[in-house]
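The structure appears right after this line, and notes come after that.
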Amino acid sequence: MQSIAFGASIMKGSENDFKKRLIDNSPHITIVDEYRNPTVQPANLSYKNALVEIKHLKPATENKGIRNYSCIIRYLKTLPGLLSSSVLSGQALINSAGKVLAVNLNGMIPEQIKTVTTIEEYMVMGSVNDLIANHSGIIIGTELARKLSVSLGNNITLTSTKGNVEIFKVIGLFQTGRSSIDSSQAYMDIKKAQSLLSKPNIVNSIIIKITTPYEAEDLGNEIEKHVGYKNISWQENSRDLMNTINIRNKILFTVVSAVLVVAAFGIYNVIFTVVMEKRRDIAILKSVGFYSNQIQYIFVIQGVILGIAGCCLGIPLGCIFIFGLSGIKMKPPGSTGVIQMPVDWGLMQFVIACAFAIIASVLAAYLPARKAAKVEPVEILRGAGA
Amino acid sequence: MSIILKAENLSKFLEGEIPVTLINNVNIEINSGEFVAITGLSGSGKSSLLYLLGLLDKPSHGNILLEGKNVCKYDDKILADIRLSKIGFIFQFHFLLPEFTALENVCLPMEQLGKLSSSEIVRKSKEILVSLELEQHIHKLPNQLSGGQSQRVAIARALANDPLLILADEPTGNLDSASSKNVQKILRNVATQNGRTVIVVTHDAEFANLADKIIHIIDGKIIS
């Protein structure tokens with residue numbers, strides 16, 4: 001029983017921890033600069049169900065992005081329980097003291113970004129607000145700063161993919177604990193980013209935080225219908241990972257169930273031994289006038305009592321195991337910080353574990369109980385004195 | 001006196017590689033209030049006959065009529081009900097439930113019958129135990145009782161539901177002389193004073209001589 005509670009606690013705990021990290025650290029909904037379904041071309045509209053080939057077509061070069069983002073932000077502000085921030089992301093090369101590294105630039109409005117991301121919480125030096133006063137400032141991760149050997153107040157040169165070059169001053173350092181982020185992300189004012197990336201008045205995503213994260217999928221669909229751009233909820237974005245977690249849970253549950261099967265065999269053996277030892281008493285009860293199903297009931301009840309006793313012992317034992325596990329600290333691969341083993345203390349897993357334990361006990365007791373019910377009193381009474 | 005128990009052409013065979021005939025075409029009539037002894041050598045079929053008459057075993061052929069009704073056609077549940085309400089068993093070894101006290105052992109058949117309240121069951125059980133001079137041993141476990149005392153508790157248990165029929169399989173076979181005499185006297189009184197039918201399987205000629213009728217059995221057949 002404690003194995004199930006223990007296993008369920010780890011499964012649920014890590015799943016909840018993963019979801020919490022996703023919900024806390026990722027946008028709940030992201031409006032991206034693309035459409036869910038490609039625009040239907042005029043030729044397809046003119047010749048429905050026909051195979052149309054247009055030769056020598058030269059697609060127009062356009063600056064991809066969300067152009068009317070101010071209107072969208074205004075619309076989003078009308079929705080209750082929702083905060084949004086427009087972001088322009090792009091790639092650039094960072095150059096400092098001869099070291100060149102690729103970096104993901106995130107141009108944003110400092111007042112807005114603080115409300116929808118946890119970046120401010122991860123600031124170890126400086127503040128996101130410093131970008132308001134210093135438009136030529138940049139915030140980088142500690143890992144990136146370490147690789148570039150730069151610190152607060154140093155200048156770095158950024159070169160965009162369009163060839164634009166600008167010098168920025170490091171005004172803040174952040175540390176999320178995930179080295180992939182700390183070594184590759186940089187934040188700056190949105191206007192500067194638009195200038196550097198040659199995308200004036202364009203953003204490529206609008207990130208949204210809502211007070212009810214589990215409704216992100218429905219709300220995202222609603223917003224998508226209104227604004228036209230594709231909305232990606234955190235659930236949609238992490239579906240593969242969630243499926244992986246579900247598969248992992250099923251595997252772990254199967255392993256824990258195997259422990260339960262072994263325990264059930266133990267109960268079967270106990271009750272079978274009792275039935276063998278009590279054959280004479282069963283014969284007496286039958287000779288007195290007890291029914292076969294009453295005899296069976298006695299041993300099934302014994303199984304239930306064993307199951308309940310297992311629960312009474314297993315719950316505190318499971319709690320001790322879970323408590324012990326929750327104290328384990330570890331540093332997962334790719335993380336720069338130490339985290340505690342995530343466990344869940346939910347009541348439901350104990351209820352499920354108890355239910356499983358009692359059901360397994362009843363099933364394990366049923367077979368020997370049936371054997372007890374089939375005892376022929378004459379066979380026992382004849383040889384009982386021997 | 002009316003016929004309470006009747007066996008007609010009763011036979012019991014054990015099937016197997018070597019078939020064994022336990023009871024061979026037995027016909028018996030036992031009257032109400034009669035004290036009957038079944039005697040015979042070991043392996044002659046005395047106990048087998050008793051188990052058949054007590055509905056613990058099913059005959060291969062023939063009929064058993066209890067109060068004029070053929071009980072052989074009944075299912076196990078009805079037979080259990082009949083054993084509970086109409087038949088009391090006493091075995092050579094007392095066969096008391098070891099975890100239960102003398103009182104609880106006697107209460108058991110009454111609780112199973114479910115006709116009396118708990119307080120009435122306890123009161124009646126105590127009465128029966130007192131009548132068998134076991135008042136000092138009511139709350140003792142079987143392992144705290146002597147052989148004779150245990151057998152008297154077994155008699156009390158057999159009498160609990162006021163059965164028509166008491167069947168005893170060598171009830172004195174495992175007792176010392178004094179206890180044996182005492183049990184013989186009690187069983188004789190059960191028939192004489194309470195008007196119950198008592199069928200006893202015994203090796204003891206002296207005990208058999210107390211009976212109103214002696215059935216002698218050899219190789220599964222009644223001789224006299």
Side-chain angles (χ1 to χ4, degrees), chain A residues 267-310 312 361-362 364-386, chain B residues 12 14 22 42-43 45-59 75-100 105-114 142 154 157-161 163 167 169-170 173-174 201:
Chain A
I267 293 170
Y268 172 86
N269 279 333
V270 168
I271 304 221
F272 188 81
T273 308
V274 173
V275 168
M276 286 296 118
E277 284 175 355
K278 295 282 177 190
R279 276 162 66 88
R280 200 195 71 173
D281 293 351
I282 295 165
I284 295 166
L285 290 174
K286 281 196 153 185
S287 72
V288 165
F290 277 69
Y291 306 140
S292 295
N293 57 5
Q294 285 179 308
I295 305 289
Q296 188 171 325
Y297 183 71
I298 290 170
F299 290 98
V300 171
I301 289 291
Q302 191 175 10
V304 173
I305 291 169
L306 270 176
I308 292 170
C312 293
S361 307
V362 171
Y366 178 73
L367 288 177
R370 236 172 61 134
K371 195 171 178 64
K374 285 181 179 169
V375 165
E376 286 294 337
V378 172
E379 288 172 17
I380 310 300
L381 297 173
R382 256 191 237 281
Chain B
K12 177 73 182 176
L14 288 184
L22 296 176
S42 291
K46 308 184 293 295
S47 295
S48 299
L49 179 61
L50 194 79
Y51 294 145
L52 286 171
L53 296 176
L55 316 182
L56 278 174
D57 203 359
K58 287 188 173 172
D75 66 21
D76 288 346
K77 202 168 180 187
I78 297 173
L79 291 177
D81 280 334
I82 294 172
R83 283 201 300 274
L84 181 65
S85 57
K86 296 188 174 174
I87 301 171
F89 283 98
I90 303 158
F91 301 97
Q92 181 177 358
F93 303 94
H94 56 76
F95 286 164
L96 299 174
L97 293 177
E99 293 88 357
F100 287 16
N105 267 288
V106 179
C107 289
L108 194 67
M110 285 187 264
E111 281 168 1
Q112 172 68 1
L113 192 64
R157 182 179 63 187
L159 294 171
N161 283 336
L167 302 181
D169 187 8
E170 305 203 33
N174 204 33
V201 165

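To find a chain, count down the sequence lines: A is the first, B the second, and so on, and within it residues start at 1.
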Less than 4.5 Å to any heavy atom of chain A: does that hold for the side chain of [X], its backbone, both, or neither?
{"X": "B/Ser85", "answer": "neither"}
{"X": "B/Asp57", "answer": "both"}
{"X": "B/Leu96", "answer": "backbone"}

Could you go through the side chain to side chain contact (heavy atoms under 4.5 Å, CB included) check for A/Phe290 and B/Leu84 one step at a time?
CA-CA 8 Å; A/Phe290 277 69; B/Leu84 181 65; 5.9 Å; no
CA sep, side-chain torsions, deciding dist, call: B/Phe95, A/Ser287, side chain to side chain contact (heavy atoms under 4.5 Å, CB included):
CA-CA 11 Å; B/Phe95 286 164; A/Ser287 72; over 6 Å; no
Rounded to the nearest 0.5 Å, how far does [atom2] of [Y] lie from [atom1] of [X]?
{"X": "B/Lys77", "Y": "A/Asn293", "atom1": "NZ", "atom2": "CG", "answer": "5.5 Å"}
{"X": "A/Arg280", "Y": "B/Leu97", "atom1": "CZ", "atom2": "CG", "answer": "8.0 Å"}
{"X": "B/Lys58", "Y": "A/Glu376", "atom1": "NZ", "atom2": "CD", "answer": "8.5 Å"}
{"X": "B/Leu108", "Y": "A/Ile284", "atom1": "CG", "atom2": "CD1", "answer": "10.0 Å"}

Between the side chain of B/Arg83 and the main-chain N/O of A/Lys286, is any donor-acceptor distance below 3.5 Å?
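The answer is yes, because a donor-acceptor pair under 3.5 Å joins these two groups.
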Relative to chain A, which of B/Ala158, B/Gly88, B/Gly54, B/Ser48 shows the most heavy atom pairs under 4.5 Å?
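Max contact count across the listed options: B/Ser48.
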Taking every non-hydrogen pair under 4.5 Å, which of B/Gln112, B/Gln92, B/Arg157 racks up the most with chain A?
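Most heavy-atom pairs within the cutoff with chain A belong to B/Gln112.
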Counting only heavy atoms not in A/Lys371, do more than 12 sit closer than 6.0 Å to its NZ atom?
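Counting other residues, nucleotides and ligands, NZ of A/Lys371 stays at 12 neighbours or fewer.
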Check the pair B/Asp81 / A/Tyr291 against side chain to side chain donor-acceptor pair (under 3.5 Å), numbers first and verdict last.
CA-CA 8 Å; B/Asp81 280 334; A/Tyr291 306 140; 2.3 Å; yes
